[in-house]
Amino acid sequence: MYQFDTQIRVRYADTDQMGYVYYGNYSRYYEIARVESLRNLGLTYRELEEMGVMMPVLENHSTYKAPALYDELLTVRTIVSEMPGVRIKFNYEITNESNKLIHLGETLLVFVDMKSGRPCRMPDHMAKVLSPFFES
């Protein structure tokens, strides 16, 4: 299993009239955390695209436990619990400054060959950096 924590400060523009994070912003938080978790492995989305692979989102799920509030420093834990193949699933646990779990999320992405537009296997370089986290 691979996991990585990213911190995100809730900006005023992220909130609704009640001062809660607007529900649509959680998908953006997922993306920020996902990109940073790959960067932590030494791999960027830009490099994946240069390899000819893109990763569109197939599914996006959210469970709201408690609101995130303006100016809170959130910790988004990104978890990859199984070795990817053609698809990669990311799970997210978001906690507030009090370390209270306030949100759970999941995204399922697919690796797509940019030339053919067809699903493809995860790039070898990505498999190489992820495989140590899944060895028994």
Side-chain angles (χ1 to χ4, degrees):
M1 176 173 69
Y2 171 69
Q3 66 182 33
F4 182 75
D5 290 352
T6 303
Q7 291 196 308
I8 298 172
R9 173 84 53 195
V10 176
R11 293 177 175 87
Y12 185 78
D14 292 347
T15 63
D16 60 20
Q17 189 174 7
M18 297 177 291
Y20 296 172
V21 169
Y22 175 70
Y23 77 94
N25 284 316
Y26 287 94
S27 293
R28 186 169 53 86
Y29 293 170
Y30 301 163
E31 181 180 5
I32 292 166
R34 192 168 58 240
V35 167
E36 293 306 317
S37 71
L38 292 178
R39 187 181 310 278
N40 179 64
L41 290 168
L43 185 64
T44 67
Y45 264 41
R46 181 183 301 256
E47 290 170 331
L48 286 169
E49 290 174 348
E50 289 169 355
M51 293 176 204
V53 176
M54 59 184 166
M55 296 169 55
V57 174
L58 291 176
E59 296 179 12
N60 182 16
H61 303 276
S62 295
T63 303
Y64 306 91
K65 303 272 188 194
L69 306 172
Y70 169 64
D71 204 39
E72 279 189 314
L73 185 61
L74 305 177
T75 299
V76 183
R77 174 164 290 157
T78 304
I79 304 161
V80 179
S81 58
E82 54 192 51
M83 186 66 175
V86 175
R87 296 177 178 189
I88 182 168
K89 184 190 298 184
F90 294 91
N91 289 290
Y92 311 93
E93 298 173 352
I94 302 178
T95 55
N96 64 14
E97 291 175 348
S98 301
N99 203 31
K100 177 182 178 184
L101 180 66
I102 62 168
H103 188 91
L104 295 170
E106 178 184 298
T107 54
L108 180 65
L109 290 78
V110 63
F111 297 99
V112 173
D113 181 290
M114 292 172 71
K115 288 182 184 173
S116 70
R118 306 282 304 158
C120 63
R121 296 213 46 85
M122 165 179 44
D124 290 339
H125 178 67
M126 188 172 185
K128 182 179 177 181
V129 299
L130 275 174
S131 62
F133 296 96
F134 297 95
E135 295 173 353
S136 310

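Below, all heavy atoms of this structure are taken into account, side chains as well, without hydrogens, waters or symmetry copies. Numbering of residues begins at 1 and proceeds along the displayed sequence.
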Donor-acceptor contact present, side-chain [X] to main-chain [Y], <3.5 Å:
X   : Y    : answer
R87 : L109 : no
E72 : V10  : no
Y2  : S37  : yes

Could you state whether [X] and [Y] fall into the same hydrophobic cluster, counting links through intermediate Ile, Leu, Val, Met, Phe, Trp or Tyr residues with side-chain heavy atoms under 4.5 angstrom apart?
X    : Y    : result
V76  : Y22  : yes
L43  : F133 : yes
L69  : I94  : no
V112 : L38  : no
M83  : I79  : no

Please determine whether the number of non-hydrogen atoms from other residues, nucleotides or ligands lying under 6.0 Å from atom [atom1] of [X] exceeds 12.
X   : atom1 : result
Y45 : OH    : yes
R28 : CZ    : yes
Q17 : CD    : no
R46 : CZ    : no

Query - Check against side-chain contact (heavy atoms from CB on, under 4.5 Å), R9 and D71 - result: CA-CA 6 Å; R9 173 84 53 195; D71 204 39; 3.4 Å; yes

Report task. Might you work through the side-chain contact (heavy atoms from CB on, under 4.5 Å) test for I8 and I32, ending with a clear yes or no? Result -> CA-CA 9 Å; I8 298 172; I32 292 166; 3.9 Å; yes

Distance in Å, [X] [atom1] paired with [Y] [atom2], rounded so as to fall on 0.5 Å steps:
X    : Y    : atom1 : atom2 : answer
L73  : E97  : CG    : CD    : 5.5 Å
Y64  : L104 : OH    : CG    : 11.5 Å
M1   : L130 : CE    : CG    : 13.0 Å
K128 : L41  : NZ    : CG    : 13.5 Å
N99  : T75  : CG    : OG1   : 7.5 Å
Y26  : D14  : OH    : CG    : 9.5 Å

Could you tell me which non-hydrogen atom of [X] sits nearest to which non-hydrogen atom of [Y], and how far apart they are?
X    : Y    : value
A33  : T78  : CB-OG1, 3.2 Å
P84  : F111 : CB-CE1, 4.1 Å
K89  : N91  : CD-ND2, 4.0 Å
F134 : V80  : CZ-O, 3.3 Å
L48  : P123 : CD2-CG, 3.7 Å
M114 : E49  : SD-O, 3.6 Å

Query raised in the report: In this structure, which one of M122, M126, R34 forms a side chain to side chain contact (heavy atoms under 4.5 Å, CB included) with I88?
Result: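 The option that passes is M126.
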
Query raised in the report: Less than 4.0 Å between a side-chain N and a carboxylate O, is that true for R39 and E47?
Result: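 Answer for the salt bridge query: no.
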
Report task. Check step by step if side-chain contact (heavy atoms from CB on, under 4.5 Å) holds for T95 and L74. Result -> CA-CA 6 Å; T95 55; L74 305 177; over 6 Å; no

Query raised in the report: For H103, which of Y30, Y23, Y92 qualifies under side chain to side chain donor-acceptor pair (under 3.5 Å)?
Result: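 Of the listed options, the one satisfying the test is Y30.
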
Query raised in the report: Do I102 and P67 have side chains that get closer than 4.5 Å, going by heavy atoms?
Result: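 They are not in contact (no side-chain heavy atoms under 4.5 Å apart), so the answer is no.
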
